[in-house]
> 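One structure follows; several queries about it will come next.
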Number of protein chains: 2
Amino acid sequence: MAVTIKVNEETFTPRQQAVLTAALDLLVENGDGLTMTAVARRASCSKETLYKWFGDRDGLLTATVQWQAAKVRMPQVDRTGLNAKTLRASIEQFARDLLTVITGEVSITLNRTAVTHAAQEKDRLGNIVLENGPLAIRRRLKPILEAGRDARLLRFTSSEDAYRTFFGLVVRDVQIRLLLGDKALTQANVEANIEADVKSATDQFFVLYGTKAHNA
Amino acid sequence: MAVTIKVNEETFTPRQQAVLTAALDLLVENGDGLTMTAVARRASCSKETLYKWFGDRDGLLTATVQWQAAKVRMPQVDRTGLNAKTLRASIEQFARDLLTVITGEVSITLNRTAVTHAAQEKDRLGNIVLENGPLAIRRRLKPILEAGRDARLLRFTSSEDAYRTFFGLVVRDVQIRLLLGDKALTQANVEANIEADVKSATDQFFVLYGTKAHNA
DNA sequence: TCGTAGGCGTACCGTACGGTACGGTTCGAC
DNA sequence: GTCGAACCGTACCGTACGGTACGCCTACGA
């Protein structure tokens, strides 16, 4: 099925990006109450322009989500000179990036929008978010994990399973609770605990998948 | 802040339950395209009756979600005669229940609805879903975990952390992918793997939190 | 038998919003 | 200077939907 996501192939003009920014801002503020009129007013452009550029409301929404989601760029971790210490540092970095992203206001908004979209038999936004979120991390993490295995620092049969376990250990119930608007999880609250959670998740991951050599 | 959720205190009449069933069906089918007219037609009742019974659209939605969510009943596990074998069986049962629930069509629908709702500054549905989903499991699992610790079968400092790790190991990225409409995760696909996932998650949980005595 | 309550079906109202049309303005090309 | 393209602002249209009103039917108690 090969979901192909066009990203920035045809870059948006600065003016268009300003419009997308306005759309995202409204999305973050008012949730799904995004109306074409509101975007036009916020971006000081005419509705006609919106329709010319993005086709229809869905097109604008898709462009916004795609444009924002593509901005999430996980720092590349190099796999040269891999040893127990650098491996752990890399894993920790991935955990940190993952937690930082999913707890961000923008990510929450995009995920909510995509979930709402998916509730109407449309999976387009969902795919975009998946592709630029979890799957992006997976693409980058897997090679690291496999390098770790090759260096006899990790042990697993399926790197897919190892990745998903990592995801679970890091994310736990944080994302779903944030998406559901759990008041007990304030932004500050979560962010303050990120470092501890990162450390804890990494530790647990190494307990499950590390070899004896991993804490050399 | 003590979020109190009234559940079935004032039970719905059979007729009302029929209406709620109709509403849920529409929710599952059409996603968020739930209109009062559609519910009225489906339930063969008048819109006026809907408004008399539920106040407004939000009230109907809330009643539907609340009523359905409360139906999710995790089988009670007794903590008498706790030993390594029964503890493992209990944990496995929780994992199975959790996975079964979150992969169900109804649960996906309710969660999507609640997320959509949360995108509009309303956390009411989110709280209901949280309360009857993850938190319900937590309430029932924690005593088991603590009993396991008392019996020196488990070791942890915070039962809250232990619970959340359990949640992560079991759910991993399944729920968010389902909510986002990931086509790669079909219902059948997931359900076929539940048993393997349950076993795997339980094993990992015991590796992390079990004492030497746990596999007696 | 009559009155009343509950409820069905339908018509109706108001509004919000997606989408279109159009006049007016800016600006660059020639 | 003139033309045209791009675009702003606003007015406008059609429709979908939340919410209300009302006429009619049925059941039931006096």
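To find a chain, count down the sequence lines: A is the first, B the second, and so on, and within it residues start at 1.
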> Looking only at side chains, do B/Gln204 and A/Tyr209 share a donor and an acceptor under 3.5 Å apart?
yes
> Only pairs at least two apart or in different chains count here, so list each ring-ring contact (aromatic ring centres under 6.0 Å, His included) that has a residue in residues 165-187 of chain A.
A/Phe166-A/Phe205
> Assess the side chains of A/Thr202 and A/Glu92: does a donor N or O sit below 3.5 Å from an acceptor N or O?
no
> How close or far is atom P of D/dC8 from atom CG of A/Leu50, stated in whole angstroms?
8 Å
> Report the distance from atom CG of A/Leu26 to atom P of C/dG18, rounded to the nearest whole Å.
12 Å
> Please give the angle, rounded to 10 degrees, between the axes at the start and the end of the helix from C/dT1-D/dA30 to C/dC30-D/dG1, where five pairs define each axis.
10°
> Would A/Arg124 and A/Asp58 satisfy salt bridge (charged side-chain N to carboxylate O under 4.0 Å, His left out), going step by step from the backbone distance to the final call?
CA-CA 10 Å; A/Arg124 186 127 177 254; A/Asp58 231 56; 5.5 Å; no
> Show your reasoning for whether side chain to side chain donor-acceptor pair (under 3.5 Å) applies to A/Thr116 and A/Thr113.
CA-CA 5 Å; A/Thr116 301; A/Thr113 307; over 6 Å; no
> Do nucleotides 8-17 of chain C as a string where each nucleotide becomes B, S or -: B if the base has a protein heavy atom under 4.0 Å, S if just the sugar-phosphate does, - if no protein is that close.
BB-------S
> Does a salt bridge link B/Arg164 with A/Asp197, judged by any charged N lying under 4.0 Å from a carboxylate O?
no
> Closer than 4.0 angstrom, basic N to acidic O: yes or no for A/Arg42 and A/Glu29?
yes
> For a quick check under 3.5 Å, do A/Asn111 and A/Ser107 share a side-chain donor-acceptor pair by atom type?
yes
> Rounded to the Å, how far apart are A/Tyr51 OH and D/dC7 P?
17 Å
